[in-house]
Amino acid sequence: MYPLALDTCLLIVLASSDGHPWGTASLGSELVSLQPYDINVEIELPRTPSNLAAGNFMLDLTLLSHPSTSALTGTNSSTYPISRSRRPAMLTYASPLVDTASKLSLMPFYVFGWSREAEKLVVPMMERVEFARGRRNLPESLRLEIHSKEEMQIYKATVEFRARFTGLRYGSQGFNELLSRGGYCD
């Protein structure tokens, strides 16, 4: 069982100017120093011929710092990466016979719009990442980039931050969850 956790999900709109789809998102102020986080990327891809031909592709996630202010000019300078991770991903392979049989059996769901020909991948990007004390050490934004030899189509990309509570935080979160499931809390 996965430990009790606090989830924050960010939807990323991917654009492509140099052939690799990429997107950025602002993180807000929910992240806390010295708190371990697991960071996952959930990506939904159509099962198009080009996506299937891509085979293995790379997800590149970079967490970016708050912009620092120059003491001399008083202007914001560029951000720097706090943490970066690259992980491989791939759509599930299905032989042509199995793929055709699956499409035929699911055809009524496709016709009525109850299903679509897509696959959702969840890729663990960072495990138990912690940020040092101080506002500068907490990420303000992130950048997700997808590297592939083939041009890829993407329905949706989401980055999930999952706080890994330990000690007293874990106990108090577990107690609150127990009370809410028992019907004692609103």
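Residues Ala132 and Leu34 approach most closely at CA-CD2, 4.4 Å, considering heavy atoms.
No hydrogens or angles considered: a donor-acceptor pair under 3.5 Å links the side chains of Thr48 and Gln153. Between Glu140 and Ser26, the side chains place no donor N or O within less than 3.5 Å of an acceptor N or O (distance only, hydrogens not considered).
Remark: the backbone N or O of Pro46 is paired with a side-chain donor or acceptor of Asn51 at under 3.5 angstrom. No donor-acceptor pair closer than 3.5 Å links the side chain of Asp60 to the backbone N or O of Glu145. With hydrogens and angles disregarded, a donor-acceptor distance shorter than 3.5 Å links the side chain of Arg47 to the backbone of Thr92. No donor-acceptor pair under 3.5 Å is formed between the side chain of Ser102 and the backbone N or O of Val98. Arg87 contributes a side-chain N or O that, together with a main-chain N or O of Pro124, makes up a donor-acceptor pair within less than 3.5 Å.
Taking the ring pair (Phe, Tyr, Trp, His ring centres under 6.0 Å) definition, one finds that Tyr93 meets it with nothing, sequence neighbours left out. Partners of Ser141 according to the side-chain contact (heavy atoms from CB on, under 4.5 Å) rule, which considers only residues two or more places apart in sequence or in another chain, are Leu64. Residues satisfying the side chain to side chain donor-acceptor pair (under 3.5 Å) test with Lys149, not counting sequence neighbours, are none.
Atoms CE and CD, on Met90 and Glu119 in that order, are 9.5 Å from each other to the nearest 0.5 Å. The NZ atom of Lys156 sits 6.0 Å away from the CD atom of Glu42 when rounded to the nearest 0.5 Å. Distance check, rounded to the nearest 0.5 Å: CG of Leu63 to CE of Met125 gives 9.5 Å. Rounding to the nearest 0.5 angstrom, the gap separating the CD1 atom in Ile82 from the CZ atom in Arg136 is 10.0 Å. We find the CG-CH2 distance between Leu144 and Trp22 to be 11.0 Å, quoted to the nearest 0.5 Å.
A cation-pi arrangement is found for Arg116 relative to Tyr155, the charged atom lying closer than 6.0 Å to the ring centre and inside a 45° cone about the ring normal.
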Please assess Leu61 against Arg143 for the test side chain to side chain contact (heavy atoms under 4.5 Å, CB included), listing each intermediate value before the final yes or no. CA-CA 6 Å; Leu61 179 67; Arg143 177 183 168 96; over 6 Å; no
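Hydrophobic clustering (side-chain heavy atoms under 4.5 Å, transitive across Ile, Leu, Val, Met, Phe, Trp, Tyr) keeps Leu45 apart from Val122.
The shortest distance between side-chain heavy atoms of Ser33 and Asn137 does not fall below 4.5 Å.
Between Phe161 and Tyr37, the ring planes lie perpendicular to each other; the angle is over 60°, past the 30° to 60° tilted range.
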